[in-house]
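I have placed the structure first, in the form of C-alpha cells, so that the comments after it can refer back to it.
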Amino acid sequence: MAFVPAAGPFASFDTLRAEALGCTRCALSATRSQVVFGVGDEQARLMFVGEAPGEQEDSRGEPFVGRAGTLLTRCIEEIGLSRKEVYIANVVKCRPPNNRDPLPAEIEACRPFLAAQVAFIRPVVVVTLGNFATKLLLATKEGITRLRGREVPFGDDGAVLIPMLHPAAVLRNGGKALAETRADFVVAKRALDRQAYRPAAS
Ligand code: URA
C-alpha cells in the first residue's frame with residue numbers, strides 16, 4: 001500500500017503527539033515503558049525515519065539515543081546540521097520486546113502517526129534508515145543495499161526520499177558501510193541545498 005503523508009484525524013501536531021503518547025492500538029503498548037514519539041524541529045527540512053525504539057530509547061523516551069544514535073548524530077553533524085535542526089522518528093513508536101523486528105500489524109497500527117508526522121512537518125528531504133522504513137515509505141520489497149543513496153521523489157509537493165543503511169547495521173559492518181553512509185549523507189546535503197526554497201502548502 002502506498003505511503004501517503006496525511007494529517008488524518010489529527011487537528012495539529014500537539015493533538016497527534018497527545019494521541020500517540022496514550023496509544024493502545026497494538027500489543028506493544030503493554031510492554032513499552034513509554035511511547036517514543038519523535039524529536040527535533042517540527043518544521044525541519046530534513047527528517048529521518050528509523051525502525052523502532054530500542055532499550056535506551058524506551059527508557060529515555062527519545063529516538064536514537066544509543067550507540068546507533070551516536071553514529072546518526074555524528075553523521076548529521078558532519079553535514080553541518082544538529083539534531084535540533086532535523087526531525088527524527090521511527091516507523092513504530094514503541095519498543096518491540098527484546099528488540100525483535102516489528103510485526104506487520106504493529107507497523108500498520110502505527111502508520112497513521114508517521115503519516116501525520118510527515119504531513120505536519122513537510123520535510124523536503126526524508127531519509128529512511130534501514131529496510132523497515134524504506135519498505136514502508138516506498139511501498140517496495142526491494143532491499144536497502146540496492147536502494148541506498150538514491151533520491152526518489154516522495155509525496156506530492158516536491159520532496160525527495162533517500163534510503164540509507166540503518167546506523168546499527170553500519171556499526172555492525174564497519175568500514176565500507178560507514179563510507180557508504182557518509183556518501184549518502186552528502187547526497188542528502190546536496191538535495192537539501194538544491195531544495196533550499198520550499199513552496200508554501202497549497
Ligand atoms: N534503532 C531505531 O531504528 N530507532 C531508534 O530509535 C533506535 C534504534
Side-chain angles (χ1 to χ4, degrees), residues 3 16-17 20-21 23 25-29 31-42 44 46-77 81-118 121 123 125-138 140 142-145 147-149 161-174 177-178 180-182 184-185 188:
F3 183 90
L16 163 65
R17 185 191 294 103
L21 294 184
C23 178
R25 293 179 188 198
C26 83
L28 295 181
S29 58
T31 51
R32 72 181 181 224
S33 304
Q34 56 188 316
V35 174
V36 181
F37 177 69
V39 70
D41 182 352
E42 291 160 23
L46 174 58
M47 177 171 180
F48 293 87
V49 182
E51 181 180 318
E55 187 177 13
Q56 296 193 50
E57 290 77 17
D58 176 69
S59 82
R60 287 180 47 189
E62 183 172 330
F64 283 102
V65 290
R67 280 185 67 228
T70 303
L71 175 60
L72 177 63
T73 304
R74 199 170 86 213
C75 290
I76 291 168
E77 289 171 351
L81 294 169
S82 69
R83 260 174 91 96
K84 282 194 187 142
E85 290 173 285
V86 304
Y87 197 87
I88 307 173
N90 282 307
V91 165
V92 162
K93 313 284 187 239
C94 298
R95 182 190 181 207
N98 303 315
N99 297 343
R100 65 155 168 75
D101 287 348
L103 301 173
E106 294 159 357
I107 294 172
E108 280 313 304
C110 232
R111 173 199 283 261
F113 295 133
L114 182 61
Q117 281 176 307
V118 178
I121 295 167
V125 178
V126 176
V127 170
T128 51
L129 298 167
N131 266 317
F132 281 91
T134 303
K135 288 182 174 174
L136 180 70
L137 271 67
L138 288 185
T140 182
E142 195 78 68
I144 188 66
T145 41
L147 292 173
R148 56 146 282 272
L161 186 151
I162 304 170
M164 294 192 194
L165 301 175
H166 192 285
V170 177
L171 286 176
R172 270 195 311 275
N173 297 323
L178 182 57
E180 288 173 345
T181 287
R182 285 213 164 101
D184 295 349
F185 266 83

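Atoms within a ligand are numbered from 1 in the order they appear, just like the ligands themselves. The structure presented is a predicted model; accordingly, all values stated were derived computationally and were not measured. The figures here come from the full heavy-atom set of this structure, side chains too, leaving out hydrogens, waters and symmetry mates.
With respect to Ile76, the side-chain contact (heavy atoms from CB on, under 4.5 Å) criterion is satisfied by exactly one of Val127, Leu46, Leu81: Leu81.
Across every non-hydrogen atom of Arg95 and Leu28, the tightest pair is O-CD2, 3.9 Å. Taking each heavy atom of Ile121 and Asp41 in turn, the nearest pair found is CG2-O, 4.4 Å. Considering all non-hydrogen atoms of both residues, Cys26 and Ala109 come closest at CB-CB, 4.1 Å.
Counting the atoms of ligand 1 from 1 in the order shown, those under 4.0 Å from a heavy atom of His166 are 1 (N), 2 (C), 3 (O). Here is the list of ligand 1 atoms found below 4.0 Å of a heavy atom in Glu51: 2 (C), 3 (O). Taking every heavy atom of Pro63 and a limit of under 4.0 angstrom, the matching atoms of ligand 1 come to 6 (O). In the vicinity of Gly50, heavy-atom distances shorter than 4.0 Å reach the ligand 1 atoms 3 (O).
When non-hydrogen atoms are compared, ligand 1 lies under 4.0 Å from the side chain of Glu57 (C-beta onward) but not from its backbone. Under 4.0 Å from ligand 1, not a single heavy atom of Ala68 appears.
Aromatic ring pairs are classed by plane angle as parallel below 30°, tilted from 30° to 60° and perpendicular above 60°; the pair Phe37 and Tyr87 is perpendicular.
Residue, atom and distance of the protein heavy atom nearest to atom 5 (C) of ligand 1 are Ala52 O, 3.4 Å. Protein heavy atom in closest approach to atom 4 (N) of ligand 1: Asn90 OD1, 2.8 Å.
Applying the 6.0 Å contact sphere to CD of Glu55 captures no more than 12 heavy atoms from other residues, nucleotides or ligands.
Ligand 1 has no atom lying under 4.0 Å from any heavy atom of Glu62.
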Could you walk me through whether Arg74 and Glu77 pass the salt bridge (charged side-chain N to carboxylate O under 4.0 Å, His left out) check? CA-CA 5 Å; Arg74 199 170 86 213; Glu77 289 171 351; over 6 Å; no
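Taking any N or O of Phe64, backbone or side chain, at least one lies under 3.5 Å from an N or O belonging to ligand 1.
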